[in-house]
4 protein chains.
Amino acid sequence: MSQRQSKTEEAGSREGERRRTILRAAIDVFARKGYHGCRIADVAREAGVAYGLVYHYFKNKDELLETVVETGWSGFISRLRTVVEGEGSSLEQKVRGIADVAFEAYRVDPRAVKVLILEVARSPAGTQIVSRQQAFLDTIRMAADMFRSAQATGELRADLDPMLCASLLVGSIELGLTAFVSGLMEDRSPEALERAKVQIAESFLHGVLPGAATSAEVSWKQERSSSGTRPKAGKRS
Amino acid sequence: MSQRQSKTEEAGSREGERRRTILRAAIDVFARKGYHGCRIADVAREAGVAYGLVYHYFKNKDELLETVVETGWSGFISRLRTVVEGEGSSLEQKVRGIADVAFEAYRVDPRAVKVLILEVARSPAGTQIVSRQQAFLDTIRMAADMFRSAQATGELRADLDPMLCASLLVGSIELGLTAFVSGLMEDRSPEALERAKVQIAESFLHGVLPGAATSAEVSWKQERSSSGTRPKAGKRS
Amino acid sequence: MSQRQSKTEEAGSREGERRRTILRAAIDVFARKGYHGCRIADVAREAGVAYGLVYHYFKNKDELLETVVETGWSGFISRLRTVVEGEGSSLEQKVRGIADVAFEAYRVDPRAVKVLILEVARSPAGTQIVSRQQAFLDTIRMAADMFRSAQATGELRADLDPMLCASLLVGSIELGLTAFVSGLMEDRSPEALERAKVQIAESFLHGVLPGAATSAEVSWKQERSSSGTRPKAGKRS
Amino acid sequence: MSQRQSKTEEAGSREGERRRTILRAAIDVFARKGYHGCRIADVAREAGVAYGLVYHYFKNKDELLETVVETGWSGFISRLRTVVEGEGSSLEQKVRGIADVAFEAYRVDPRAVKVLILEVARSPAGTQIVSRQQAFLDTIRMAADMFRSAQATGELRADLDPMLCASLLVGSIELGLTAFVSGLMEDRSPEALERAKVQIAESFLHGVLPGAATSAEVSWKQERSSSGTRPKAGKRS
DNA sequence: CATGAATGAGCGTTCATTCAT
DNA sequence: AATGAATGAACGCTCATTCAT
């Protein structure tokens with residue numbers, strides 16, 4: 001930001017570059033072979049740096065994963081929080097916002113999402129360093145709080161368990177993304193992603209909201225039912 | 001059951017007993033520490049047998065997991081298939097049946113379900129022996145087929161992607177179970193499980209079915225709002 | 001020898017049969033895969049008996065080899081001793097007799113010879129149980145004694161080291177046999193073996209005897225140049 | 001040799017130094033306890049390096065032996081080839097040259113020769129990696145070719161099998177060396193070695209050459225009978 | 001900072017040997 | 001005698017981590 005940076009800052013940015021290279025390599029390798037299935041050497045090779053350099057920037061293999069997770073997760077969480085805490089927006093908008101954030105994260109960096117899903121979301125409690133395990137659960141809790149508040153304002157049916165609603169939403173989104181990650185969905189175009197996002201959000205809302213139809217439902221149904229060739233997607237004819 | 005068993009059966013059952021003991025121990029240990037986080041010694045200790053005996057019954061650590069998975073999965077899948085292929089039952093019934101099977105499996109053997117979820121459903125493709133990875137995807141595909149057929153008969157809205165519907169259903173159930181597995185749900189009583197199951201199925205159906213209310217919805221809502229003792233659950237044989 | 005055998009002897013012979021079966025299997029397996037390269041299970045399978053039975057007849061794996069060696073070697077050594085100590089026979093006759101014994105042993109049981117050569121003749125001193133190592137060296141020493149005596153009677157040139165003579169003879173015979181064992185000699189017919197035996201003996205005698213030609217040399221040369229049917233071999237009982 | 005070495009050479013020699021240290025240790029340990037009788041830990045301890053370093057330089061235990069063999073054997077074979085293909089030298093000279101090479105190799109590094117003899121020359125075919133088994137057989141084949149050529153020029157009697165001649169020569173030399181390796185020969189002084197070498201070569205030549213006496217025989221006999229360091233066998237004064 | 005050689009604990013697997021039946 | 005399940009020490013190999021340069 002300032003015109004001149006101190007030496008430390010310059011070094012920091014240069015150092016940061018290396019650090020980021022390694023982090024990037026770690027994400028790719030973790031996504032490809034999994035945390036347990038790869039060696040530090042794989043990360044170093046992928047990053048094009050010397051073996052030992054990884055240990056200059058990261059205390060150990062675990063911290064490497066920890067950092068990958070925190071980096072990826074913190075951005076995700078903060079964006080999520082912005083959506084969830086958004087004053088003046090309805091539950092509907094918030095739910096759609098959550099789906100937006102998740103699918104956008106996947107669009108921007110699918111491999112990072114894969115790592116977050118595979119290595120963070122699940123994996124035995126015993127092995128887990130607290131922060132990792134917590135990260136994922138916190139997301140669900142955050143959503144649960146949102147649903148609890150919505151119940152207080154009457155936006156959500158009172159007979160539903162907020163924690164379960166959160167699990168359903170997150171589970172739907174996660175397995176929706178997993179369908180792409182795993183190759184179950186053959187069409188991985190941006191349009192297909194967009195459609196999936198909408199279906200997930202609308203189905204969920206439809207399932208849990210008190211009223212019959214959501215406000216966005218009309219346009220959604222119209223869009224979907226009017227033509228078979230997606231006249232509006234435009235991009236890839 | 002019969003008064004006398006043939007020698008083969010006796011021997012078979014005796015040998016099978018040990019084998020099953022080890023398998024059981026493997027499930028518990030895998031559930032507790034994860035496949036990568038445990039050693040063969042842990043399994044042996046848990047089973048109360050000598051180190052080498054594990055290798056008498058299983059070729060190696062991987063085959064041990066493979067067997068755990070196949071054993072647990074095959075029963076699950078066959079029960080699932082029975083539900084999905086059930087002639088004369090509506091989509092609604094099938095969806096509820098799927099939730100029944102999944103939650104019943106969890107009720108009977110939560111640790112086995114945990115292993116199946118953690119070690120099978122996800123984990124890097126590279127490491128995976130085909131059968132493992134496939135097992136989970138096949139489940140989703142089976143559900144997708146079910147939804148495709150339902151679209152043909154008009155039971156499911158034509159504007160939904162069947163594969164995505166399958167992902168949503170499976171994802172909802174899986175994360176619902178994960179909420180219990182991970183401890184997010186504090187109340188793990190049979191009643192709480194039952195409630196969760198119903199909520200998941202109904203929310204999903206609500207979300208994707210063409211009509212406004214499902215046939216079970218009235219009683220469901222009543223049940224929920226009137227008492228916590230499930231006066232009507234009835235189903236469970 | 002007697003008309004009736006005691007129970008013990010009968011049992012002994014039945015027991016001996018099993019024992020011999022296992023021993024035979026051990027020889028074959030050792031010959032095929034080597035002592036270190038095979039497991040007790042291999043021997044048991046080859047013999048068609050149960051795993052544990054091997055341990056009824058032999059204390060451990062090492063004793064099994066020990067027994068193979070002693071059995072095979074003792075007969076060989078005693079036949080050798082008969083030849084070497086033969087009163088009234090010349091050095092020439094003794095040397096030819098040694099070659100006879102060795103090649104006959106190979107003709108009768110090539111695999112046993114292979115084991116003796118591979119597992120006994122050589123192998124690091126440290127590992128060796130005394131008897132094994134000694135067996136082979138004793139053979140050489142026996143031959144050395146023979147040569148020493150022959151020097152005393154003037155049958156062998158005085159300027160040769162008897163121990164070395166023994167090594168040469170044994171080495172020639174052994175590598176001659178190895179040529180067959182290893183497949184270097186393509187023609188493994190009895191005639192080819194016979195010819196090899198003669199060449200080895202004659203070349204050795206030629207090389208170390210004082211005189212120009214050995215007494216058998218004329219007939220040998222004639223035999224070689226005239227016909228392949230060994231008109232004179234005669235010896236073989 | 002040059003005053004300055006390039007960095008690469010320095011590094012190469014430093015890395016090579018460690019590698020050679022381990023190789024040296026492997027030779028010594030293999031010679032002492034045999035390939036099967038020693039553990040990697042023994043090699044590491046002998047070399048004075050950490051366990052894992054062995055695996056830094058060699059892929060596995062087998063490659064370690066393979067390298068020992070190839071290193072030792074290649075030099076031996078190439079020297080042998082020089083002798084065998086030597087233009088203008090007679091069969092006599094070549095045979096003596098072969099003995100020279102073999103005994104010189106033993107003089108320079110008896111333990112390496114021991115390993116080559118024990119672990120390479122013999123050992124069950126199944127276990128053998130091709131190169132090992134082949135190495136030894138190639139040596140015999142090389143000698144066989146030499147003898148075949150000698151027959152064509154009349155230097156060797158036509159009635160002898162060249163392959164067998166090769167086996168005899170190699171066998172004589174090998175067991176001659178074995179006599180030293182195994183301790184059968186008590187006197188292992190350079191002079192004793194020299195005498196053994198001469199006796200082996202002369203006896204062999206005597207045995208297979210067409211003429212009565214070899215050209216070197218006179219001097220050989222004189223040397224043996226005249227010299228003051230052992231007037232007449234006299235055992236070990 | 002950068003490199004990669006060096007270290008050694010950890011773990012999967014083998015297999016000789018014992019033992020209950 | 002015969003069987004094969006049970007035992008556990010032994011050992012090869014991996015790989016996270018440290019260290020000298």
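Labels below follow one simple rule: chain letters A, B, ... track the order of the sequence lines, proteins then strands, and each chain is numbered from 1. All values reported here derive from a predicted model rather than from experimental measurement.
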* Asked: Roughly how far, to the nearest 0.5 Å, is NZ of Lys59(D) from OH of Tyr55(D)?
  -> 11.0 Å
* In whole angstrom, give the distance that lies between atom CD of Glu17(A) and atom P of dA2(E). => 10 Å
* **Under 3.5 Å on both distances, the Watson-Crick or G-U partner of dT21(E)** => dA2(F)
* Base dA2(F) paired with His56(C) side chain (donor-acceptor, <3.5 Å) -> yes
* Structure fact -> Val43(A) and Ile22(A) have their tightest heavy-atom pair at CG1-O, 4.0 Å
* To do: Inspect the contact between Arg24(A) and Glu46(A) and indicate whether a charged nitrogen and a carboxylate oxygen are less than 4.0 angstrom apart.
  => no
* Under 3.5 Å, side chain of Asp28(D) to main-chain N/O of Ala25(D), donor-acceptor pair present? -> no
* By nearest nucleotide on DNA chain F, pick out whichever of Val49(B) and Gly48(C) is the more 5' one. => Gly48(C)
* To do: Would you give a per-nucleotide map of nucleotides 12-18 of chain F, 5' to 3', where B means the base has a protein non-hydrogen atom under 4.0 Å away, S means only the sugar-phosphate does, and - means neither?
  => BBBSBBB
* So, is Tyr57(D) near the phosphate of dA6(E), with a side-chain N or O under 4.0 Å from OP1 or OP2? -> yes
* Between SG of Cys38(D) and NZ of Lys61(D), what distance do you get to the nearest 0.5 Å? -> 4.5 Å
* Asked: So, is Arg18(A) near the phosphate of dC1(E), with a side-chain N or O under 4.0 Å from OP1 or OP2?
  -> no
* Asked: To the nearest Å, how far apart are Ile22(C) CD1 and dA1(F) C1'?
  -> 11 Å
* To do: Determine the interplanar angle of the Tyr35(D) and Phe30(D) rings, folded into 0 to 90°, and report it as parallel if under 30°, tilted if 30 to 60°, perpendicular if over 60°.
  => perpendicular
* Determine: side-chain N/O of Arg19(D) to OP1/OP2 of dA5(E), distance under 4.0 Å, yes or no. => no
* Asked: In whole Å, what is the span from the CG atom of Leu53(C) to the P atom of dA16(E)?
  -> 16 Å
* Could you state the CG-C1' distance from Leu64(B) to dC11(E), rounded to the nearest angstrom? -> 15 Å
